[in-house]
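Working notes for the structure below.
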Amino acid sequence: MVMLPVGVTLRDIDGGPQYFSNKDPRSAWMDSHIMLGAWMEQPADATQVGYAVAMGNNIYWNLGGKAGDPEQWRADYDLIRAAGMHVSAPDTTPNSGTETVAYDGWDEADMQYGAGANGWNPAAPNANLDDCLPAGSECGYTVAKWSYTGQPTGYGSPGYPINNMAKHQGYGKGVLFWMWDSEAAVFLGYSDILSADSYWMTDPDLEANSQGGCAFFPHSENICYGANPVGLTRIQRALPANYAFNVTRLQTLSSTLNHQSKPVVVDVETGCPIYGGTECITPPAMKAAAMHGLIAGARGILWFQHNFSGPCTDYTTLIDGSDPSTGDYNCQQTPGVTIHDVVLNIKAFNQQVSSVNNALLSPFADSYVSHTGNVAAMAKYDGSHFYVFAASGTPATPPPANQSVTFTVKSSGATKVTVVNEGRTIPLVNGTTFTDTFADANAYHVYRMD
């Protein structure tokens, strides 16, 4: 056991190490795993569930389709359970069991219905303010509350039992950008697992002053609030480092209105998710974005695996990229990068994360590390070793190419630095200092003090 250096304090992960087991024993699996999974996959059979396992995913965030419905067929929960997968489930069936560790409620109630508690017509098809009662008013709180508590019962069942099982509801630009903090924070009270999506690598709208501009430069008259605010440049917007904001914004909101600290899952696109868009993420940027989310404190990754634009329009990307018989398996999403390559890169990232799963779930070691250069870094202590996770760039601040970064750590008796999963070590000078190179904005490294 390494002694804790003077000045270093330990801080629990968001929610604490027993957050889920304290809610319900059926959710306890999530306490011991960084949650890795895709949004709205629709596996049809055991083979397709096996694709998720083979790529290192361990949970489905929601599911497309419906078990037993021939028009939108999906594998039932017994097949998911048999493969060792888990699910934040949109419903239950007679075969539901230990695979279900959470329930998934409404998605983006903030964007669809606004920050209000008016009535709602759940049978209306518009998914916008026209469905609120009266039409044109705001009822997002009503929808989110119903998905979380089942109240009012007159709206029917959300599709799953209302009990202590953890629940996840994702939000969007309303919570992240457009609402006052006091308005946005209300939504977070209706979810036990927090997430909100903004796709920095592929969504040019995030350059607007009303989105990324004010998010990163709220006091800038030129960028945020002046007579003609310019917002972000493309190079400021299209940065993997910006995905940290999707985590830290939710952490900050969760601390208001007496909300407790809650686990955050970071959404990362795997392709071209913007309708009519022209930008697609590359695998190196995808992995770097996910790492920046973890460094910011996320307890899981939600791979957004739908391609709504680009050359490989596809709503089952990870399944098609795992099955050589599909037409999209060899489709080049970006030049030289096939859908199968995307799957292989997610698999590689998942393997990296799984290899340091326990470290990521360990307490933060605050004040353990400082550094030069433009990188984001965090330190962890697993009871035996200190780890430093570092990724190039910080929000809205592009890093230089091939930057040399020097890290200074508190002396703990370590004599060398192992760069995890890279097959190399770095000298730890005087037990406190080491230097490494970060090639570009997609670069990241994990260091273990040995």
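Values in this document were obtained by computation on a predicted structure and should not be read as measured data.
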*Among Leu194, Leu302, Asp192, Asp107, which one satisfies side-chain contact (heavy atoms from CB on, under 4.5 Å) with His168?*
Leu302

Testing the basics here: between [X] and [Y], what is the closest heavy-atom pair and its distance to 0.1 Å?
{"X": "Ser362", "Y": "Lys380", "answer": "O-NZ, 2.8 Å"}
{"X": "Asn374", "Y": "Pro400", "answer": "CB-CD, 4.4 Å"}
{"X": "Ile162", "Y": "Ser147", "answer": "CD1-O, 4.3 Å"}
{"X": "Ala67", "Y": "Asp76", "answer": "CB-OD1, 3.7 Å"}

*Is Cys280 close enough to Cys272 that their SG atoms are under 2.5 Å apart?*
yes

Any idea how [X] and [Y] line up, ring-wise: parallel (<30°), tilted (30 to 60°), or perpendicular (>60°)?
{"X": "Tyr447", "Y": "His445", "answer": "tilted"}
{"X": "Phe434", "Y": "Phe407", "answer": "parallel"}
{"X": "Phe349", "Y": "Tyr444", "answer": "perpendicular"}
{"X": "Tyr329", "Y": "His340", "answer": "parallel"}
{"X": "Phe177", "Y": "Phe245", "answer": "parallel"}

_Heavy-atom count check: over 12 atoms from other residues, nucleotides or ligands less than 6.0 Å from Asn228 CG?_
no

*Ile235 atom CD1, over 12 foreign heavy atoms within 6.0 Å*: no

*State plainly whether the residues Asp45 and Arg74 are in salt-bridge range, i.e. N to O under 4.0 Å.*
no

*Asp24 bridged to Lys167 by N-O distance under 4.0 Å*: no

*Given Tyr315 and Phe308, is the ring pair (Phe, Tyr, Trp, His ring centres under 6.0 Å) satisfied, shown in steps?*
CA-CA 8 Å; Tyr315 306 123; Phe308 296 135; 5.6 Å; yes

_Run the side chain to side chain contact (heavy atoms under 4.5 Å, CB included) test against Ile34 and tell me which residues pass, sequence neighbours left out._
Leu36, Leu294, Val353, Asn357, Leu360, Leu361

*Would a line drawn from the ring center of Trp178 to the ring center of Tyr171 be shorter than 6.0 Å?*
no

_I need the full list of side chain to side chain donor-acceptor pair (under 3.5 Å) pairs touching residues 46-67, with sequence neighbours left out, sorted by first then second residue._
Asn57-Asn350

*Do Lys145 and Tyr190 meet the cation-pi criteria used here (NZ or CZ under 6.0 Å from the six-membered ring centre, within 45° of the axis)?*
no

*Begin from the C-alpha positions of Gln169 and Asp104 and carry the test side chain to side chain donor-acceptor pair (under 3.5 Å) through to its verdict.*
CA-CA 6 Å; Gln169 298 196 73; Asp104 231 278; over 6 Å; no

_Measuring only between side-chain heavy atoms, which start at C-beta, is Tyr19 closer than 4.5 Å to Pro263?_
yes

